[in-house]
Structures are given as C-alpha cells and as structure tokens.
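Predicted, not measured: the structure shown is a model, and the values here were computed from it. Reckoned from all heavy atoms, side chains included, excluding hydrogens, waters and symmetry mates. Sequence positions, counted from 1, serve as the residue numbers for this chain. Whatever order the structure lists ligands and atoms in, that order sets their numbers, starting from 1.
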Amino acid sequence: MVRALARVDLGAIERNCARLAAVAAPARLCAVVKADGYGHGAVPVARAAQAGGAAWLGVATAGEAFELRSAGLEGRILVMGALSPAELAVALEARADIVAWREDFVTGLPPEVAVHVKLDTGMGRLGTRDPDEASRVVEAAGDRLAGLMTHFATADEDDPAFLHEQLERFQRWIARHPGVLVHAANSAATLREPAARFGMVRCGIAIYGMDPFHRDPADHGLEPALELVSYVAEVKRARPGESAGYGRRFVAERETWVGTIPVGYGDGVRRGLTDNADVLVGDRRVQLVGTVSMDNITVDLGDEPVERGTEAVLIGTRGGERILAEDLAARLGTINYEVTCGISPRVPREYEP
Ligand SMILES: Cc1ncc(COP(=O)(O)O)c(C=O)c1O
C-alpha cells in the first residue's frame, strides 16, 4: 500500500495535446511543461505531449530546459522566462530558444542562439512595452530571430475587452515583421480566440486536462490526467464530545466513525482545506473534518466504517463521484494550477501509459 500517490495518465495528456493541436491547427502546439509539468512530472509529460503532436516544449527556466535535454528530449524547447547570465549559459547548453526584449542583451548573444522577441502588450511583466524598441531588438537579433511573442493577462476572464486590446497592439507590431513565427496564446486564448493562435499556441493548463476557465475541463473535451490517492490508515469510533486533530476543530456531536488518511500539507494537501473538502473513500464522498496537519487528515465516515486500507481519493473519479483540482481550488480561493503545482516531492508520481 502506497501512502500517497499522484497517478498520472499519460494517455490523457497525449489526447489533450492531440485535441489542442487539432483546435489550433494550422498553428503548431507548444506544450508548456514548466514547474515540473505543473506538478505532473516534466519529462514524462513532455514525451506524452510530443506523442500527442506538440512540436515545441515551453519552460520557464534554463534549468527546466536542461532537465528535458538531459533526459534525451529532442525538438525545440523555448525558455520563456528571464535569464541571468549564469542561466543564459545553461539555456544555451540545453540548445534552447530564449526570449529577449532588450537590445544590449541580444547584441551580446552568440550567433547560434535562437531568439524570440517579446512585446509587452499589457501583461506588465517581461517584454518591452515600446513597439519601436521591440523592433530594434528584432533588428539586433538579425539571423538569430526565431519568433515574435506576447502574453495575455486576462484570456481566462469573462470580459474579453482587454484580451482584444492586447491582441490589437500585438497585431499592429507583428505586421512590421512578416515571415517570422508568431505566438501569443495560452490555453484560454487558444480555446476562445481563433485570432490569437497565429503560428503557434503555448498551452499549459489544458494539456493536463484542467480547465483554463476554472470550470469543468469536459466543456472543452479535456481529460484530467492526475489523481491524488492515499488510503484509510486508521478507523475509530468517536463518541459525542470526542475530537480529532490539532486544536480540536472537529468534535463529534453524535456517535460516528472517523477515518485517518496519512496525507497532509507536507504532501501539498493545503491547510486551508481544514473542514473544507470532500474525499472519496471506497467510492463514497465523505467530508474532511478537523485540521489538516502536516502528515494526516481526518474524515467523517458517519455510521459506516470502512476497512483499514480502503482507498482514499483526494483528486480523481470513483463510482460516479469526482473531485477535480478545480473543486479544491475553489475551496481554497485559488486556481487549479496552484493545486497540482503544490503536490510536494514527497508524493511519488506513478505513470500510466
Ligand atoms: C509565457 C507563457 N506562455 C504560456 C503559458 C501557458 O499558460 P496556460 O497554462 O494558461 O496555458 C504560460 C504559463 O503561465 C506562460 O508564462
């Protein structure tokens, strides 16, 4: 019995990529596998994404590109984040494409490096806001120029006004530089805005079968790829007045059975889920009760105890019941991205083909 396991269905990732590639075509698909593949495991995810038709891999850091290359992944890798001089050396060693938006940075680059110039059309983080400066960087890149890019701030939000503003700014700029690979769309923009797809889309969250709009991934034919499972390690009768967990946050009001599941915030099951989550225990939806501690949570099994060793599913589908990363995110007031990225290294990842 494994204490806790993140089971990753690589077939689901492959199918999600195939679906996104079909939606985006003729644009190419760049599968974004940064932050260890949004917690799923960058290398296996990258292989599955390529099998599903991803032509490019996207990461945030040079170290992430290096990890992919060291594992034998071929094909184009784009490092999308800022690079310190030390990181630049690592990115070049990994034969990765890099992003630039300052002339002095580009003029110092070796001739063989492939550069994507970034216009900040409204995200307000990396890139230059000035289209003229961006064009000077394009000129400075010369033969190293491999792409023109931007990133959207509100593609997942209901009101499309700012997305369209960013898109228009970007379109005006790229018109000055025809014949270059152009990319802008994250998952949300890919799914909702055909005009944003250009020559390539950069999809992260959707390749994992999570919904960029924080609702139901099935709305877009996406299959969640990750399950988080554990088991019931102990079952005990709680009489009225008896409690479970730190701070006695749960005190039984009536006789009930309490199950202890040996996962906690040390595994990425966030403390904010205290008294605030469901768990599927033996196909039954039960409530997490009491405080989430580092290594344990407790659930109220009601009048029906289960055998020790019964499976407990924190994210996944069993017997017609399902708990999505989106559900936990809603409970926590965060986004699905943070839920899977937060599953700690203490949880082994197991891969199904
Ligand atoms: C520059 C860039 N492009 C694309 C993505 C992928 O975004 P998403 O996971 O929403 O598809 C990210 C991730 O945040 C990003 O930083």
> Under a strict 4.0 Å criterion on non-hydrogen atoms, which protein residues are in contact with ligand 1?
Replying inline: Val32, Lys34, Tyr38, Met80, His151, Asn186, Ser187, Arg202, Cys203, Gly204, Ile205, Tyr337
>> Test: salt bridge (Lys or Arg N to Asp or Glu O under 4.0 Å). Region: residues 324-339. Which pairs qualify, not counting sequence neighbours?
In response: Arg270-Glu338, Asp278-Arg331
> Within the side chain of His164, is there an N or O that forms a donor-acceptor pair under 3.5 Å with the backbone of Ala161?
Replying inline: no
>> Can you classify the ring geometry of His214 versus Tyr337 as parallel (below 30°), tilted (30 to 60°) or perpendicular (above 60°)?
In response: tilted
>> With a 3.5 Å distance limit and no angle check, can you tell me whether Thr150 reaches the backbone of Ala184 through a side-chain donor-acceptor pair?
In response: no
> Could you go step by step and tell me if Leu78 and His116 meet the side chain to side chain contact (heavy atoms under 4.5 Å, CB included) rule?
Replying inline: CA-CA 9 Å; Leu78 174 63; His116 299 242; 3.7 Å; yes
>> Under a 3.5 Å threshold, yes or no: a donor from one side chain and an acceptor from the other, between Thr121 and Arg169?
In response: no
